[in-house]
2 protein chains.
Amino acid sequence: MGHNQALSDSHEDLYPSRVSDTPRLIERCDPVFYGQHSDSGPLNQEQINFYEENGYLFFESLFSQEQVQRYRRELDALSSAPLVKEAPQTILEPESQEVRSIFDIHRTNELFKQLSQDERIVSMITQLLNSRVYIHQSRINYKPGFQGKEFYWHSDFETWHEEDGMPRMRAISCSITLTENNIYNGPLMLIPKSHKYFLCCAGKTPKDHYKSSLKKQEYGVPDNKNLERLVEMGGIVAPHGPAGSVIFFECNLMHGSNSNISPWPRSNIFFVYNSVENTLVQPYCGLSPRPTYIANREFIPI
Amino acid sequence: MGHNQALSDSHEDLYPSRVSDTPRLIERCDPVFYGQHSDSGPLNQEQINFYEENGYLFFESLFSQEQVQRYRRELDALSSAPLVKEAPQTILEPESQEVRSIFDIHRTNELFKQLSQDERIVSMITQLLNSRVYIHQSRINYKPGFQGKEFYWHSDFETWHEEDGMPRMRAISCSITLTENNIYNGPLMLIPKSHKYFLCCAGKTPKDHYKSSLKKQEYGVPDNKNLERLVEMGGIVAPHGPAGSVIFFECNLMHGSNSNISPWPRSNIFFVYNSVENTLVQPYCGLSPRPTYIANREFIPI
């Protein structure tokens, strides 16, 4: 099944990637803020403008230290449970075999399910996307101290479009930090404004790419020249603050993180909210969809 | 030849490492500031006190942008010269085969030789060590953008003592930055106050360790528990500033750096000044000395 062939006319591929040997930047066709004005939710006009322009929002200490403690205890319990370690939803560090990520926590864990429905978060996301939303993906990321590996630059949307069949850019990632993010422990780095462009990556997706890509990405990897252009336009930021802070970032915003040799681990909970008007179709790369614990296909609005 | 056996009584091993399976921290036996008072050189009492307490000093923009440009052009010329790339003094990145370090530049290159004798630098070093000094090691480090690898935590003195036979802690590393150091491009991280302790590492040095250790250190690696103790006592700092800034750090100060996925490379010139009263003896690990381009054995005072 070739590129595009699986798609009906209503799902034209506006963001082709991995179809050519030459990477290129194209302009985004979709809105960033889907609403009309600011009086429909908790975010004010200044915050909406900032999000539209830069592709992210940072809320320092949105959760209390007590709440954070509760989530961390749950994470610790999950990470050390033998059954969890063997579950397909769990990704281990290649060398140390420590837990790196656990997927689908909004369905398998009651506490994290509640958190994914946090009224403050959902109302802001709903305001930005101007529609009801469902969880496209959820996970906990654990980046250990001393040996935390880097995550190379990527646009989540590029992968979700190619490998999951997400048609348009109408989703927002929400990262809730469970540890302090500082400049030493490999914090999430964002390239502001990069969400305005789609980087068509070179190469072709191999079958079952997800089995290796969650450990080390080899396809859908941006090229140096276009990354340089994006950084020239937007710079790099690494929002940092205490545990319990929240970062929203637009699904197409370029992000990554350096390694972490500091003794301080970095953990976060990650929910992706997608508009119910942007539900998944067949993957644009032409292969079979990834497992539903990575790309949810139950489009149940929150 | 076993540990210590090669040493005369006058070279008792005050800092044994790699001799046991259990790592441990011991207190430093040597002074940090070897002088008596501050009126013997350019550093004032406040700077000397800071250095004694924290083990480092940072001089923002000690060199002008014009000087930096000249050194960078020289580095670019060296990095692309085929003969340089094949020389034993040149260390390549394991994967990309790009130049990572070039050793011995104070002997092989006239411009860098002059720089190593910079009057301002040498007078400050001489003041701190209260003796004439010679260059124990010199190199240029090039940490490319996008794919700069991490350097794990280490004390240089631990290696120089074990593998080069440097008897005591009476040497200072001087790093001259050739690119901006910022929080995104994997800057040098230091653990302040860690120079007051010697971390006896576990394990034993294999023969010809230097051939692999300059790419990836596997022996003389500090353990997590003692690193955590050091960081609890001193924290972590990453002095950052424009190209042309200079960092002095005590030979036993624990330091390292995270990877660098930013597009901005990080380059620096590195000179180690050792006291002429602390010249090398036989390596304390009992093996043959490393090549002289890594550990100079011509003790000619500057």
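Note on naming: letters A, B, ... go to the chains in the order of the sequence lines (proteins, then strands), and numbering restarts at 1 for each one. As the structure is a computational prediction, the values presented were derived from the model and not from experiment. Below, all heavy atoms of this structure are taken into account, side chains as well, without hydrogens, waters or symmetry copies.
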Of the listed B:G256, B:G186, B:P187, B:A238, the one with the largest count of heavy-atom pairs under 4.5 Å with chain A is B:A238

Determine, step by step, whether A:I261 and B:M189 satisfy the side chain to side chain contact (heavy atoms under 4.5 Å, CB included) criterion, reporting the C-alpha distance in whole Å, the side-chain angles of both residues, the deciding distance to 0.1 Å, and the verdict. CA-CA 10 Å; A:I261 67 166; B:M189 300 193 292; 3.5 Å; yes

Evaluate the side-chain proximity of A:E228 to B:F146: yes if any heavy-atom separation is below 4.5 Å, no if none is. yes

Validation row: B:N224, A:P263 side chains within 4.5 angstrom (heavy atoms): no

Determine whether a donor-acceptor pair (N or O, by modelled atom type, separation under 3.5 Å) exists between the side chain of B:N260 and the backbone of A:N258. no

Would B:V231 and A:S262 satisfy side chain to side chain contact (heavy atoms under 4.5 Å, CB included), going step by step from the backbone distance to the final call? CA-CA 9 Å; B:V231 170; A:S262 88; over 6 Å; no

One should read off an interatomic distance between A:Q147 CD and B:E150 CD, to the nearest 0.5 angstrom, of 9.5 Å

Does the side chain of B:I236 reach to within under 4.5 Å of the side chain of A:W264, using non-hydrogen atoms? yes

Which bit of B:S257 comes within less than 4.5 Å of chain A, counting heavy atoms only: side chain, backbone, both or neither? backbone

Tell me if the CZ atom of B:R28 is crowded by more than 12 foreign heavy atoms within 6.0 Å. yes

